[in-house]
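Here's the structure, in structure tokens; my notes come after.
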Amino acid sequence: MQTLTITRPDDWHLHLRDGEALAAVLPDTARRFARAIVMPNLRPPVTTVALAAAYRDRILAALPAGMSAPAPGRPKAGQANSMEPRSGEQSSLLREGGAGGAGHFEPLMTLYLTDNMPAAEIDAVKASGFVHAIKLYPAGATTNSDAGVSDLKKCAATLARMEKLGVPLLVHGEVTDPAVDIFDREAVFIDSVLVPLLRDFPALKVVLEHVTTSNGIDFVKDSGANVAGTLTAHHLLLNRNALLAGGIRPHNYCLPVLKRETHRQALLAAAISGSPKFFLGTDSAPHAQSAKETACGCAGCYTAHAGIELYAEAFEAVGALDKLEAFASFHGADYYGLPRNTEKITLRRDAVTVPASLDYLAGERLVPLRAGESVAWRLA
Ligand code: NCD
Ligand code: ZN
């Protein structure tokens with residue numbers, strides 16, 4: 001197959017950063033994806049609907065010239081959340097939102113859960129129409145997570161409100177206990193946090209983000225339809241040898257860390273299974289070259305420059321290109337209760353050499369995944 005035309009995809013887990021970094025990376029995503037779930041781990045974190053509104057405005061202002069948000073302006077507070085379109089006016093706004101025309105990009109905002117987020121904030125989320133989920137970072141688990149949750153019990157009232165209103169909880173699924181081996185932190189998190197959480201809130205919508213283990217895949221599969229998982233391209237393409245064998249490769253370092261090959265095989269099997277519980281989330285997470293190539297490097301792989309192309313490679317490698325569209329363009333929208341995009345994109349089977357580094361901040365470069373090597377597919 002030399003070309004592949006699919007419905008324009010969405011990215012259900014993305015780090016856009018802010019300021020100069022935001023302006024540098026946003027065009028890569030906006031060229032490929034109609035919408036993206038934008039992570040709230042800024043400094044300070046995005047903890048309220050008001051902060052999310054301001055961040056959304058900064059994202060829209062940073063869109064490349066000629067690109068805009070799909071709907072004329074942000075839905076006003078008081079309009080129903082898009083998960084429950086009620087009036088004709090709202091659903092036509094939302095259809096436009098989902099149409100995903102080439103000149104449009106819609107940031108889907110999230111809030112950063114803290115020990116003291118009031119349950120009333122969830123009502124504001126539901127009313128906003130532009131905040132779509134709440135993100136759980138266990139305190140200290142990853143980049144900019146020190147304001148994260150120390151104990152989920154403190155969030156019981158807020159979680160109950162989310163369960164009631166159908167607001168998804170997006171989970172960075174790793175324990176932070178220093179006694180737990182880093183390769184086991186996802187599996188231990190599932191048993192010690194997620195299983196009890198779903199026992200207490202059985203109808204809570206939970207997305208286990210960037211699943212990296214067969215344990216995570218089994219957990220998602222064995223849970224109800226309210227539980228889903230996102231998969232990154234780098235975890236589908238690489239195992240931990242790519243991080244540690246033949247020299248340490250900081251640009252392949254992310255959290256959760258790459259796992260052994262048997263786990264990668266389990267992720268691939270889930271991605272191509274056709275199950276609506278699994279969908280695309282790049283976790284593209286830019287860090288300046290100097291912050292990666294240092295004695296204690298930051299976690300995060302930048303993949304937005306080939307955000308859909310890398311998935312095409314992973315699916316093609318197992319003869320499952322026909323499964324890419326549903327995974328990339330349908331399952332996530334269906335889970336979030338948003339309309340599917342209608343526009344198409346075309347990928348060409350034509351190798352592209354990835355630059356050694358990309359423009360990022362003044363005096364700082366960004367090293368993308370596959371730097372200096374090729375990606376087999378190109379966006380037409
Ligand atoms: C992310 C980042 O840099 O913000 N890093 C990463 O390794 N994935 C945070 C995260 O999602 O864990
Ligand atoms: Zn992330």
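Atoms within each ligand, like the ligands themselves, are counted from 1 in listed order.
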Contact flag Asp283/the Zn ion (ligand 2), N/O/S atoms, threshold under 2.8 Å: yes
Which atoms of ligand 1 have any heavy atom of [X] under 4.0 Å away?
| X | answer |
| --- | --- |
| His210 | 11 (O) |
| Asn41 | 2 (C), 4 (O), 9 (C) |
| Gly300 | 5 (N), 6 (C), 7 (O) |
| Ala285 | 1 (C), 2 (C), 3 (O), 5 (N) |
| Cys254 | 7 (O) |
| His13 | 11 (O) |

Which distance, rounded to the nearest 0.5 Å, do you find between the [atom1] of [X] and the [atom2] of [Y]?
| X | Y | atom1 | atom2 | value |
| --- | --- | --- | --- | --- |
| Leu237 | Thr303 | CG | OG1 | 10.0 Å |
| His263 | Phe183 | NE2 | CZ | 10.0 Å |
| Tyr311 | Ile6 | OH | CD1 | 11.5 Å |
| Leu159 | Lys164 | CG | NZ | 15.0 Å |

[atom]: nearest protein contact (heavy atom, Å):
| atom | answer |
| --- | --- |
| atom 1 (C) of ligand 1 | His15 NE2, 3.6 Å |
| atom 9 (C) of ligand 1 | Thr142 OG1, 3.3 Å |
| atom 7 (O) of ligand 1 | Leu255 N, 2.7 Å |
| atom 5 (N) of ligand 1 | Ala299 O, 3.1 Å |

Arg58 atom CZ, over 12 foreign heavy atoms within 6.0 Å: yes
Where the Zn ion (ligand 2) is the vertex, angle from His13 NE2 to His15 NE2 to 10°: 100°
Given the side-chain rings of Tyr335 and Phe279, with only the six-membered ring counted for Trp, is the space between their centroids under 6.0 Å? yes
Decide whether Trp12 and Glu209 meet the rule of one side-chain donor and one side-chain acceptor closer than 3.5 Å. no
Taking atom types as modelled, is there a side-chain donor on Glu364 or Ser290 under 3.5 Å from an acceptor on the other? yes
If we set the cut-off at 4.0 Å for heavy atoms, which region of [X] has an atom near ligand 1: side chain, backbone, both, or neither?
| X | value |
| --- | --- |
| Arg17 | side chain |
| His172 | side chain |
| His287 | side chain |

Could an N or O of ligand 1 be found under 3.5 Å from any N or O of Lys135, whether backbone or side chain? no
Please determine if Asp283 has a nitrogen or oxygen closer than 3.5 Å to a nitrogen or oxygen of ligand 1. yes
With Glu309, the salt bridge (Lys or Arg N to Asp or Glu O under 4.0 Å) member among Arg349, Arg370, Arg348, Arg32: Arg32
Can you give me the closest heavy-atom contact between Leu321 and Ala312, atom names plus distance? CD2-O, 3.5 Å
Would you say Tyr302 ends up clustered with Leu369 if hydrophobic residues are merged whenever their side chains have heavy atoms under 4.5 Å apart, either directly or through other cluster members? no
